[in-house]
A.B. asks: 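Take this structure first; my questions come after.
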Amino acid sequence: MVQLFYGTFLTEGIREGKPFCNNETFGQYPLQVNGYRNLDECLEGAMVEGDIALLASDHSVKYGQERWFTKLPPVLTFELSRFEFNQSLGQPEKIHNKLEFPQIIYMDRYMYKSKELIRSKRESIRKLKEEIQILQQKLERYVKYGSGPARFPLPDMLKYVIEFASTKPASESCQSQSAEPMTLPLPSVHCRVSDLTSQESPESCSQDAEGTFSSPEDTLPKSDAMNGPCSSPHSSLRVSAPPAPRTVTDEEMNSVKTCLQRWRSEIEQDIQDLKNCIESTTQAIEQMYCDPLLHQVPYRLHAVLVHEGQANAGHYWAYIYNQPRQIWLKYNDISVTESSWEELERDSYGGLRNVSAYCLMYINDKLPHFNAETAPDESDEMAGEVEALSVELRQYIQEDNWRFEQEVEEWEEEQSCKIPQMESSPNSSSQDFSTSQESPATSSHGVRCLSSEHAVIAKEQTAQAIANTAHAYEKSGVEAALSELKEAEPEKPKSQETILAEQSEQTPEASDTEAAAPPNPEVSEVEIPSVGRILVRSDADGYNEEVMLSPAMQGVILAIAKARQTFDRDGSEAGLIKAFHEEYSRLYQLAKETPTSHSDPRLQHVLVYFFQNEAPKRVVERTLLEQFADRNLSYDERSISIMKVAQAKLMEIGPDDMNMEEYKRWHEDYSLFRKVSVYLLTGLELFQKGKYQEALSYLVYAYQSNAALLMKGPRRGVKESVIALYRRKCLLELNAKAASLFETNDDHSVTEGINVMNELIIPCIHLIINNDISKDDLDAIEVMRNHWCSYLGKDIAENLQLCLGEFLPRLLDPSAEIIVLKEPPTIRPNSPYDLCSRFAAVMESIQGVSTVTVK
């Protein structure tokens, strides 16, 4: 623990004129945030205190010290002081200043071994900063020229003088053109400008510009000035005329223009030279620590702890870098989601909202333990050992690994189903879903791999209804078996006496078989939605009582029932082939049916989705074969035999016969399609209940994921126009809500409205604009923008003007926004039957006026 997180540093300096030196141990190194722009500036301020530059030469310094790291831990933690105590208010406050930090920081410039080099560089930086200060002072004299309280740029002043000298008197423009200069009647005490300039000595030309270019009227008595051009009876016609010299000759004009233009060009060149010197000196300071000698101790950012709120309350979460996957993960309470560096920057730098990082954790990038490049060595070595095996063993390992992954996914699904429903209550539910929807506690259980979704669905579609359906088929034929598909009323739970009575009625053969088995075999009573309650024996990988069956598996049940005669006559393998062909044909015909606005056959079965998108035949056949090989098909001897034959045929499929990566990709696409459908339905339900904020999150994610599917084919995803329509409606409703909150001028309401704009509307507009935007979307965006721009012409409070100025540029031009699509709360997809009925109810509801109710 100590070796991993703790390091040491040396403090050298002078206190009250006496030198001192201390060695200290640190765990979390504290850094001040106020007054600094980035992490390097924070560290520089923490390592140097007082006038260290004078310590070596001036021993009269009373205080000054330097800190140098002597040993850095593998995990380096910086504690950012984001809180301070306000003495005037008597309460703590949070510091929201922006502070940038890099992904890799080089600690050489703070190490004791680099002390002499760093001191020389700090001295060079100090001198360069002094040069910049002198250059800034020189530049200030040019850009703020004058001796009075009002000062102006000197080039502009010279430009204005040239413009004044070039302006013709208004009286001259009213007369015919004449070669002689116009001389206006002036008092005897006034002389021409040319006479004054001709009498000036060369020394007088260097006088102050204020005296040189003073107005002639300043030297006249007030009564004389009234006799000038302004006293003309036609002066009312020249009110808008600009000021101009009363008289000027061509010689005077050429002399004035030549001097002033030359001086202006010289001054502009001087200003540009000063700016270039300042820029080059600033670059020299920025590049001072780019020495390769100071890039020997790199530390890579590994974790960022973030706080949102104020000093007395708030919410915490963390970003942690996953080295094997090369991505950032966001740990927010029980939710762990993929993130990005852009989202981390937005939430951690501070300065925009009341959210910022308060702790940074870096790891030594050169230590072998933390070097990700050495991590794959073990797997590479194992892969080499596998390659040395025979083809049969490699095939066996690949198949065994695949089966193990499936078992793990099934086990995780079983565990998620065991979560008690009583843990959630209506008061704690964050989403108001229908009664068929699972509780939030179950819905929020972990994020599974997309490829496992269909495996779970296939598992739920087990064949425990074989007995009832087969009995109906034997008794009355196919029509009776098909009639079993209608939803039956749930029967009352059977008592233990009834179960024992049914066991006693078994055939002698079955009794003999059970006598050979261990005593008290486990028997599960399960309910099949379209059949009723049946007994399922749990030996031979029997059915799990807690896993409910779905009517979507009735096709497999009927197929096995239809194959009964073939099974009895030709054996289990022939029975499997017969049942396989029956189910294959049924699903193929279902895929050919024309979909309606209230139904989508793709939701009923994965193979319908595969057929409509022309999936490879080997992918279709293996998927269907896996359903017949489901280990839960253990109702009777016939189903067990068919299941074992199917499992054996799966074992015979080798790597050369099946591309497992292609197989996984197709199942991942179907899982994503179901997820998009669930998110679309959830968004539509929430929209009808007026929960526009939650609905928008689901609709936006559904649209983005659906767009990725539609790029692969037109039947890969759902209808895009439906999602876009209700996404626009949510945006317009939320925009109106945010505007109404903004107009209240209540601090809490205004903040809530601004947060809706910043966190929902503006990011969604950015995503819409980046895609192929439709005319309807563009019109909706213009409506929202015009609504907020209308406040610019209104008399609103100063705080509202400030808020409007902060987010309105982002609303008008979100191109600079870096948007990370946040996935809404995870919802476990329904069974195919529930999802199909839910789809029908929602689609029917949005075309009517009533609120959706799914039974």
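Side-chain atoms are counted along with the backbone in the values below, which use heavy atoms only and exclude waters and symmetry mates.
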A.B. asks: Indicate yes or no for a side-chain donor-acceptor contact from Ser339 to the backbone of Trp328 under 3.5 Å, with no hydrogens or angles considered.
C.D. replies: no
A.B. asks: Any donor-acceptor pair under 3.5 Å linking the side chain of Lys94 with the backbone of Asn354?
C.D. replies: yes
A.B. asks: Are any side-chain N or O atoms of Arg151 and backbone N or O atoms of Gly146, one a donor and one an acceptor, separated by less than 3.5 Å?
C.D. replies: yes
A.B. asks: Without swapping roles, check the side chain of Asp333 against the backbone of Ser335 for a donor-acceptor pair under 3.5 Å.
C.D. replies: no
A.B. asks: Between Lys330 and Glu343, is there a salt bridge with N-O shorter than 4.0 Å?
C.D. replies: yes
A.B. asks: Indicate yes or no for a side-chain donor-acceptor contact from Glu41 to the backbone of Arg37 under 3.5 Å, with no hydrogens or angles considered.
C.D. replies: yes
A.B. asks: Between Arg785 and Leu811, which heavy-atom pair has the shortest distance, and what is it?
C.D. replies: NE-O, 3.1 Å
A.B. asks: Where does the angle between the aromatic ring planes of Phe78 and Tyr362 fall among parallel (under 30°), tilted (30 to 60°) and perpendicular (over 60°)?
C.D. replies: perpendicular
A.B. asks: With side chain to side chain donor-acceptor pair (under 3.5 Å) as the test, would you mind laying out the steps for Asn332 and His315 before giving the verdict?
C.D. replies: CA-CA 9 Å; Asn332 191 351; His315 179 61; 2.7 Å; yes
A.B. asks: Regarding Glu685 and Lys691, does a basic nitrogen lie under 4.0 Å from an acidic carboxylate oxygen?
C.D. replies: no
A.B. asks: Between Ser749 (side chain) and Asp746 (backbone), is there a donor-acceptor pair under 3.5 Å?
C.D. replies: no
A.B. asks: Under 6.0 Å from the ring centre and within 45 degrees of the ring axis: does the NZ or CZ of Arg727 meet both conditions for the six-membered ring of Tyr703?
C.D. replies: yes
A.B. asks: Does the side chain of Tyr679 come under 3.5 Å of the side chain of Asn706 through a donor N or O and an acceptor N or O?
C.D. replies: no
A.B. asks: With sequence neighbours excluded, tell me which residues meet side chain to side chain donor-acceptor pair (under 3.5 Å) with Asn38.
C.D. replies: none
A.B. asks: Using modelled atom types and a 3.5 Å cut-off, is there a donor and acceptor pairing between side-chain atoms of Arg602 and backbone atoms of Gly717?
C.D. replies: yes
A.B. asks: Would the distance check show the side chain of Tyr142 and the main-chain N or O of Pro155 forming a donor-acceptor pair, the cut-off being under 3.5 Å?
C.D. replies: no
A.B. asks: For Gln137, does the CD atom sit with more than 12 other heavy atoms under 6.0 Å from it, leaving out its own atoms?
C.D. replies: yes
A.B. asks: Classify the side-chain pair Glu743/Tyr791 by whether it contains a donor and acceptor separated by less than 3.5 Å.
C.D. replies: yes
A.B. asks: Quick one: pull up CZ in Arg715 and CG in Leu709 and give me the separation to the nearest 0.5 Å.
C.D. replies: 12.5 Å
A.B. asks: Verify whether one side chain among Glu308 and Tyr316 offers a donor that lies under 3.5 Å from an acceptor in the other.
C.D. replies: no
A.B. asks: I need the Gln801 CD to Leu808 CG distance, nearest 0.5 Å.
C.D. replies: 12.0 Å
A.B. asks: Could you tell me whether a side-chain N or O of Asn735 sits under 3.5 Å from a main-chain N or O of Leu731, the two making a donor and an acceptor?
C.D. replies: no
A.B. asks: For Arg325, is there an ion pair with Glu338 - N to carboxylate O distance below 4.0 angstrom?
C.D. replies: yes
A.B. asks: Provide the full list of ring-ring contact (aromatic ring centres under 6.0 Å, His included) pairs with a residue in residues 705-725, sequence neighbours left out, each pair given once.
C.D. replies: none
